[in-house]
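Reading through the structure tokens given below for one structure.
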Amino acid sequence: MPIIWAMCSSTCYARLSDGHPQVANKVIHRTVGQRIKPVPSSAPGVCEPPVERVRVQVVVATPAYSGLDRSLTYDSVQPLAPGTLVQVPLGRRQVLGIVWGACTPGDTDPGAPDPAGNESDAANGQARSTPMTTLRTVEDAWTDLPPLDERWRALVGFAARYYQRAPGEIALAALPPALRTGPAARWRRQLQRLMSRPVTPDPPATVAPSLTDAQRAALAAIEASDRPLLLFGATGSGKTEVYLQATARLLARDPLAQALILVPEINLTPQLQERFRQRFGEAVVTLHSGLTPVQRLQHWLAAHMGRARVVLGTRMAIFASLPRLRLIVVDEEHDPSYKSQEGARYSARDLAIYRAHLGQADGCRVVLGSATPSLESWQAAALGRYQRVDMTERMGAAPWPRLRLIDMRLQPRGTALAPALLHAIAARVARGEQALVLLNRRGYAPVIGCGHCGWKSGCPHCSAYLVFHKSERLLRCHHCGHRTPVPAACPDCGDPDLQPLGQGTQQLQERLEAELVTLRRPDGTPVRIGRLDADAVRASGALERTLQAVHHGEIDVLVGTQMIAKGHDFRRITLVASVNTDGALFASDWRAPERLFTLLMQASGRAGRDAAFVSERGSTVELWVQTAHPNHPLFAALARHDYPAFAAEELQQRRRAGMPPFSHQALLRAEARQLPVALQWLQQASEATADLPGRPHVTLYAPVPMALTRVAGVERAQLLLESPHRPALQALLAAWMPRLHALRASPAGRGLLRWAIDVDPLQF
DNA sequence: AGCACGCCGACT
DNA sequence: GTCGGCGTGCTC
């Protein structure tokens, strides 16, 4: 006992004398465990006397607001190359870290400023002079794995600086979770198994289809250009074949080169994945959140070791370790899912540009492809920063769908589906054609209400309505997950007359089933209505089953949210309809028109993919849109499938209003139990910018509650910053961060739950 | 973020 | 008299 006492901290001693045996025992065990355990070392023999002790800078997964946002200094018994994975003690835990700077001699004067060549540390070098004697030791180093290369670290460093996060947070989040959490032994086995596998066979010799002139021109431009390439190609114009052949030619030219293909959501584009597999076989790996931990580790390792030649993945794949990366493709570059909405809010598309820039000396190219590019990219091409290549011709497809606008002002109030549209759908189904019906609301009805007193089904935790899900007989909150049985009577007045208000995909499906129940297909079989939304695809395999059923013609009408507009190549669809369009047209979000145009273009691209099928039965291809604003200029451009015209119009408005891409924005978000706390903190944060660099060029707006103020019992508010000058905004944000940390810790931050900065926000 | 400590309310 | 809530603070 006396020995233990001597090693205990003073608090522990005090506890013992307090006479709380249980508490004291807990403390003793922990303290003793920590102090007595000999420090394991990867080179036990050289531990004493220290031979080549060095200090290393290590980043670990600590978020920016933890205060530990810079690299940590550890003692090491051997020099470690930057990029080496290490296991280090942090508090009572052992965590995975990455060596981030060059090693420095271990015998430096403890008080001397950190001599590591780490600029961020040098800039914030105050109070970093941890005395040598207290330095803890690197526990283990994965020296059998090649270190993460300099370019990768530069990418992570840039992302950290630009998005105002800790390098360690971004770096560690980019590694497969199994590496971070799994036991080292299992990880080593994986690595060895992978190393012992035979080398990836060369891609199968497939016959690539011959290219159109436009495709050949695009291919040539990819190889010749020293700028990012914006591939402006209509749906069905053969963009994918350009990606495939650009990749094939690269791999043939350089036997070690790697290509990175980014897609918005891999589950929704099984056909793209299949084509890459067919063309490149084993040389392709995927990287996305749907993989099992072991798969993700294997695929990541394959990329890191250079065994995978092609990585096909979602936004997270932008951080894959690819030592011989020579080509990056961002397919559907306008898609908002490239912008991360939690954690470090990075844009994979923007980082792709930077990553290609980092690899430019080695001839790394980047291609952004879209039929409806983001206005940011469109403007960059107009300014010559990107090179634009057009592919306007649709291959093998029928003429563009004709736009049919249904003026909802002329329909009886509350009409969900205009009779004319219903007839059109029925006519097509009777001819053996298919229809796609878009409705961006899942569930049966977005809200239920009391016809007597006006009560509506609000969520108790959120400032949102509970959505009525008829099949489950539940009211569900789509924001916090709250679920409750549908009440038999109004909770306020007891009236049993509760009505579903508005229409969701479930109701639309039910409605169409009822309306078309007597209808028969050409072969005499009854009509089938399918549904595709987040609820319908929750069950595993449901998505694939439904997609297959549409392909095989078992489903005649597919109702769904925007996910039905993406990527699928359905051959027999001749009619696409948007049922509830106006919500997006006049939303408070100023990017809503852009998203609507993109969605409707994308959706109409699903129709008439097979020209022969359409002409065989003398049919036409149509896009039906129900709207109360048929004269909106957006529809004029849509009728002509004229993205350039739409972009020109929208850019002109943006320029006048000083909106992106003519300005750059950042949001400071704050969350608190009480709204005033969040608002007041933002106000103080705003005032704390007065003397910051860049301030004269930055506009700060008043703190406001978010559009959806309360989610899961937390009130959210935000402060918008805007500047025509990106460096000014960046300088302000960087200088602001330490003050925000201080403000959080001060009395002003009392009651604040969280805060975060979102650079280039997409959602407000 | 984890993970600890510490100080207050309901139970064996 | 203990179990357990989450508020505050620290981690090279």
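In what follows, chains are A, B, ... by sequence order, proteins preceding strands, each numbered from 1. Just so you know, these numbers use all the heavy atoms, side chains as well, and skip hydrogens, waters and symmetry mates.
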Under the side chain to side chain donor-acceptor pair (under 3.5 Å) test, residues paired with [X] that sit two or more places apart:
X: A:E687; result: A:Q683
X: A:Q730; result: none
X: A:H304; result: A:S321

Inset, instruction - Output yes when A:K339 and A:D758 qualify as a salt bridge under the 4.0 Å nitrogen-oxygen rule, no when they do not. - result: yes

Can you give me the N/O atom pairs linking the protein to nucleotides 6-9 of chain C at distances under 3.5 Å, or say none if there are none?
| from | atom 1 | to | atom 2 | distance (Å) |
| --- | --- | --- | --- | --- |
| C:dT8 | OP1 | A:R750 | NH1 | 3.2 |

Using whole Å, report how far [atom1] of [X] lies from [atom2] of [N].
X: A:E169; N: B:dG2; atom1: CD; atom2: C1'; value: 14 Å
X: A:Q87; N: C:dT11; atom1: CD; atom2: P; value: 20 Å
X: A:L90; N: B:dG2; atom1: CG; atom2: P; value: 11 Å
X: A:R136; N: C:dT11; atom1: CZ; atom2: C1'; value: 8 Å

Legend entry - side-chain N/O A:R93 vs B:dC3 OP1/OP2, d < 4.0 Å: no

Without placing hydrogens or testing angles, list every side-chain donor-acceptor pair under 3.5 Å for residues 707-717 of chain A, not counting sequence neighbours.
| from | atom 1 | to | atom 2 | distance (Å) |
| --- | --- | --- | --- | --- |
| A:T709 | OG1 | A:M706 | O | 3.0 |
| A:R710 | NH1 | A:P460 | O | 3.2 |
| A:R716 | NE | A:L708 | O | 3.1 |
| A:R716 | NH2 | A:L708 | O | 2.9 |

Legend entry - Qualifying residues under ring-ring contact (aromatic ring centres under 6.0 Å, His included), relative to A:Y701, sequence neighbours excluded: none

Legend entry - Closest listed nucleotide, where the reference is the side chain of A:R92 and the choices are C:dC12, C:dT11, B:dA4: B:dA4

Legend entry - Among C:dC12, C:dT11, B:dA4, the one nearest A:L135 by side-chain distance: C:dC12

